[in-house]
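Convention: sequence-line order gives letters A, B, ...; per-chain numbering from 1. This one's a predicted model, so the numbers in the text were calculated from it and none came from an experiment. What you see below is based on every heavy atom in this structure, not just the backbone, and it leaves out hydrogens, waters and symmetry mates.
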There are 2 protein chains.
Amino acid sequence: MDELWQNDGNPRGLPLKRASGKNQMVTMRDVAEDSGFSPATVSIVLNNAPLARYIAPATKKRIEEAAKKLGYRPNAMARFLRSKRSHTVGLVFFDITDPFCTPVMRGIENALYQSSYVPIFADAHNQRNRFERYLEMLLEHHVEALIVVANWLVVDIHVLADLSKRNIPAATIGWELPGDTVSSVMVDNETGGRMALEHLHQLGHRKIAFIRGPKMLIDSAPRWRGVQKFAHSVGLEIDPALVLQLPDSFDPNSGFEGGHRLTEELLQKKKKFTALMAFDDLTALGAIRALTKAGVKVPEHCSVTGFDDVAMSALSAPSLTTVRQPLEAMGTNAVNIVMEGIKAGLEKREWNSVRQKMNPELVIRDSTRDVAHSSTD
Amino acid sequence: MDELWQNDGNPRGLPLKRASGKNQMVTMRDVAEDSGFSPATVSIVLNNAPLARYIAPATKKRIEEAAKKLGYRPNAMARFLRSKRSHTVGLVFFDITDPFCTPVMRGIENALYQSSYVPIFADAHNQRNRFERYLEMLLEHHVEALIVVANWLVVDIHVLADLSKRNIPAATIGWELPGDTVSSVMVDNETGGRMALEHLHQLGHRKIAFIRGPKMLIDSAPRWRGVQKFAHSVGLEIDPALVLQLPDSFDPNSGFEGGHRLTEELLQKKKKFTALMAFDDLTALGAIRALTKAGVKVPEHCSVTGFDDVAMSALSAPSLTTVRQPLEAMGTNAVNIVMEGIKAGLEKREWNSVRQKMNPELVIRDSTRDVAHSSTD
DNA sequence: TGCCTGCATTGAAACGATTCAATGATGCGA
DNA sequence: TCGCATCATTGAATCGTTTCAATGCAGGCA
């Protein structure tokens, strides 16, 4: 079975050191005794501290061998206590159930792994209390930085102000806070909104229905702004009767339901439209379901676009044309930002928070089609 | 906006203690000085240690007030160093990309939260080296227990043997190891396999195609066994020409592709079947896509079943009839198991690992239908 | 020879909490 | 009044590392 494993470059992996004794932990003291040097020297060698440049090569070798032989593993807690570095980052999700979160998590995890940091994971379940309780726990564990993934969340600013007071760099993904203490990484929603509409317009669609995002989501307004600006720039008229808005909701998967219901409403109006631009992918999937049920074929009779490009969108039938958020990259960037902050803190430099807007990307799949080929109904 | 927050019972949440000074951490010593008692007493009071029963109520009160006033927050690292308890659990996923993982994670996170434990998150990306490196890191952080979520993974047994040597209880979800050092929580695959087929059989289907799981997955064999046993018990004949098997793969989302391709193969054989039982949901979705593309309507011409009940299954069109794994409960149970182990370790009791099989549940949706109503082709 | 410099190593003091044995203080029975 | 529990509190050691100041030792230079 061995050859079935994927490989990340290091063919056999690190040999997992085996504790030589039974249950006891191997401490630095043990290494010191075994190698015949003092704990101080061992520490210097094993960490390659500045003082290590004075240590005789032979000594280094003996110590390293002893460490490997005994299966020494540094005690992260003890180390922290002295050095103030926990090598730990807090990772708070507003609701892990949102398919938006998985790729972001991938990106974050991967970037942290590169820096040998370890994430402490928290899921707020959309509950403010839980969020605050977790923050408390993360502070107790002395995370060196904090990353919050949310696309909506109301938090007193002072809660996060605590962080900056303690000099803990923080970044949010998919959401931003007033003030400049907390960094943020977001997709450029306005551009994304424009892209979707531009695509439909290029396909020749003129009668377009819209399902806007809920008011509480920070993404909703700029996306709509992108739509309006583009429509204005090409002289496209938006029929207010064809514009509906999702209600506020706490369930990240409610978009499906909402899209379904609102599309039914649209259909009842008996106003013709050849394309529908949905707020996000889930909404689009709900819309497609409603259209299909009503006998309106997608994309033959009606084109539909989503937003986000969650995993599901490639698998649905028809597969969904959507505006992709570079979720994994957003995670990576957030990590890089806070890592910069940590480094600055160590070197006692000043450091300014960052607001990053990432470019979305149009992904064309099967749910949109040239209006010329659309049959009229 | 305040009222938009969902509530978890504690209406205003814990008041977030504000550090009173600027940047300095508030230590136990500070609380001691402020309240006029010794650090020892403070520790005893704040932890409600056994000795606390001797402490005068007035003292307790003064100390607690001082702690709150100063915004004292215990230092988890320092505490660990003495008490050996990190209040941390390692959480390793073989591949977070698998939709299987999200609900499991929810369950685990929630259960840990109840016990005030904090998870350290790791994603192995299907790579053995990564898995081992993470294990190393988790051990350095002295996690008190380990939970591994995988539905396949080849690991030398000695890697996890290290854990039991150090008395770290471990549990796996969706996967099990030989030997009895590691606990496991799995769905009862055999029963699940039977359920799916029984459902199709009850609907009157007799010509049934099967897409079996890849050999490398531990789930594949027992599911198939359930199928065979049921078929035998009711005298249903399984046509070998209608049985295909997914190839081994590392990509948890490859099932869709695989299901799609194998279904095309099935269709080319020109052998009639009125139902298709797929290994899991993704495979089923791929199959449905292929059927639809070939003009075979689901469920009108062909019923399809999946397995797992991942989030997507309820949203696909048609929604998928499937065998549900109680993923969240599986996460919860795994946590309870290792918590038992931790407790046993503290009390120096013996403790035996547990192998749990959970009952699956048939979820009937729109992708299956009575054969009587199926039009023949 | 005496002194200084650079090299190699180490002693010992933190870091912030926990915990056990020890210390006063009090009350009570003899 | 003494001795002895019981109660209330605390001093001091300890956990495993890191880090700074200190030490001993060569060799080189005056």
Side-chain angles (χ1 to χ4, degrees), chain A residues 19 21 23-63 66-67 70-87 139-142 144 166 346, chain B residues 19 21 23-63 66-67 70-87 139-142 144 166 346:
Chain A
N23 192 7
Q24 283 309 331
M25 224 176 345
V26 180
T27 92
M28 191 165 219
R29 190 181 213 83
D30 297 326
V31 178
E33 272 163 23
D34 188 272
S35 65
F37 294 94
S38 73
T41 312
V42 174
S43 172
I44 289 162
V45 169
L46 261 27
N47 293 302
N48 211 0
L51 248 35
R53 85 196 120 101
Y54 293 128
I55 306 282
T59 306
K60 286 188 185 171
K61 204 168 156 229
R62 279 200 11 230
I63 289 180
L70 300 179
Y72 170 70
R73 221 188 309 261
N75 182 325
M77 313 291 166
R79 165 178 291 176
F80 161 78
L81 193 54
R82 191 72 239 267
S83 67
K84 310 270 102 178
R85 305 199 51 190
S86 65
H87 272 273
L139 289 177
E140 287 182 9
H141 280 270
H142 289 263
E144 292 186 47
R166 292 164 159 272
L346 286 175
Chain B
N23 191 6
Q24 282 310 332
M25 222 177 345
V26 180
T27 92
M28 192 160 207
R29 190 182 213 83
D30 297 324
V31 177
E33 271 162 25
D34 188 272
S35 65
F37 293 94
S38 73
T41 311
V42 174
S43 172
I44 289 162
V45 169
L46 261 27
N47 293 299
N48 211 358
L51 249 33
R53 87 195 119 101
Y54 293 129
I55 306 283
T59 306
K60 287 187 184 172
K61 202 165 158 233
R62 289 222 335 255
I63 290 180
L70 299 178
Y72 169 70
R73 224 189 305 264
N75 182 323
M77 313 291 168
R79 165 178 289 176
F80 161 78
L81 195 53
R82 190 72 240 267
S83 67
K84 311 272 98 171
R85 306 200 49 190
S86 65
H87 273 271
L139 289 177
E140 286 183 9
H141 281 270
H142 288 265
E144 292 186 46
R166 292 165 157 273
L346 286 175

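For A/His141, the ring-ring contact (aromatic ring centres under 6.0 Å, His included) test picks out no residue, with sequence neighbours left out. Scored by the side chain to side chain donor-acceptor pair (under 3.5 Å) test, A/Asp34 finds A/Lys69 as partners (sequence neighbours excluded). In this structure A/Arg85 satisfies the salt bridge (charged side-chain N to carboxylate O under 4.0 Å, His left out) test together with A/Glu144, sequence neighbours excluded. When the side chain to side chain donor-acceptor pair (under 3.5 Å) test is applied to B/Arg29, no partner is found at least two apart in sequence or on another chain. With sequence neighbours excluded, no residue forms a side chain to side chain donor-acceptor pair (under 3.5 Å) with A/Ser35.
Between A/Glu140 and B/His87 the shortest side-chain heavy-atom distance does not fall below 4.5 Å. Between A/Thr27 and A/Asn75, every side-chain heavy-atom pair lies at or beyond the 4.5 Å cut-off.
Residue B/Asn47 places none of its side-chain N or O atoms closer than 4.0 Å to OP1 or OP2 of C/dA17. Remark: A/Thr59 is in phosphate contact with C/dT9, judged by side-chain N or O atoms under 4.0 Å from OP1 or OP2. Remark: B/Lys84 is not in phosphate contact with C/dT18, judged by side-chain N or O atoms under 4.0 Å from OP1 or OP2.
Going from atom CG of A/Leu81 over to atom P of C/dA13 covers 17 Å, rounded to whole Å. One atom, NZ of A/Lys60, and another, P of C/dT9, lie 10 Å apart when rounded to the nearest Å. C/dG16 atom C1' lies 12 Å from atom CZ of A/Arg82, rounded to whole Å. In this structure, A/Met77 places its CE atom 14 Å from P of C/dT18, rounding to the nearest Å. Rounded to whole Å, the distance from CG on B/Asn48 to C1' on C/dT18 is 15 Å.
Taking five base pairs at each end of the helix from C/dT1-D/dA30 to C/dA30-D/dT1 and finding the rotation axis that steps the C1' atoms of four pairs onto the next four gives two axes whose angle is 80°, to the nearest 10°.
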Do any side-chain atoms of residues 36-50 of chain A form donor-acceptor pairs under 3.5 angstrom with protein atoms, and if so which ones, sequence neighbours left out?
residue, atom, partner, partner atom, Å
A/Ser38, OG, A/Ala40, N, 3.4
A/Ser38, OG, A/Thr41, N, 3.3
A/Ser38, OG, A/Thr41, OG1, 3.0
A/Ser43, OG, A/Asn47, ND2, 3.3
A/Asn47, OD1, A/Arg79, NH2, 3.4
A/Asn47, ND2, A/Ser43, O, 2.9

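In this structure, B/Met77 and A/Phe80 approach most closely via the heavy-atom pair CG-CD2, 2.6 Å. Residues A/Met25 and A/Asp30 approach most closely at O-OD2, 3.7 Å, considering heavy atoms.
Put simply, chain B comes within 4.0 Å of DNA chain D, heavy atom to any atom, from D/dC7 to D/dG16, going 5' to 3'.
Taking every heavy atom of residues 50-58 of chain A and every atom of DNA chain C, pairs under 4.0 Å involve A/Tyr54, A/Ile55, A/Ala56, by number. Across residues 28-38 of chain B, B/Phe37, B/Ser38 each have a non-hydrogen atom less than 4.0 Å from an atom of DNA chain D (numbered order).
Contact annotation for B/Thr27: backbone-only contact, meaning every heavy-atom pair under 4.0 Å involves sugar-phosphate atoms and none involves a base.
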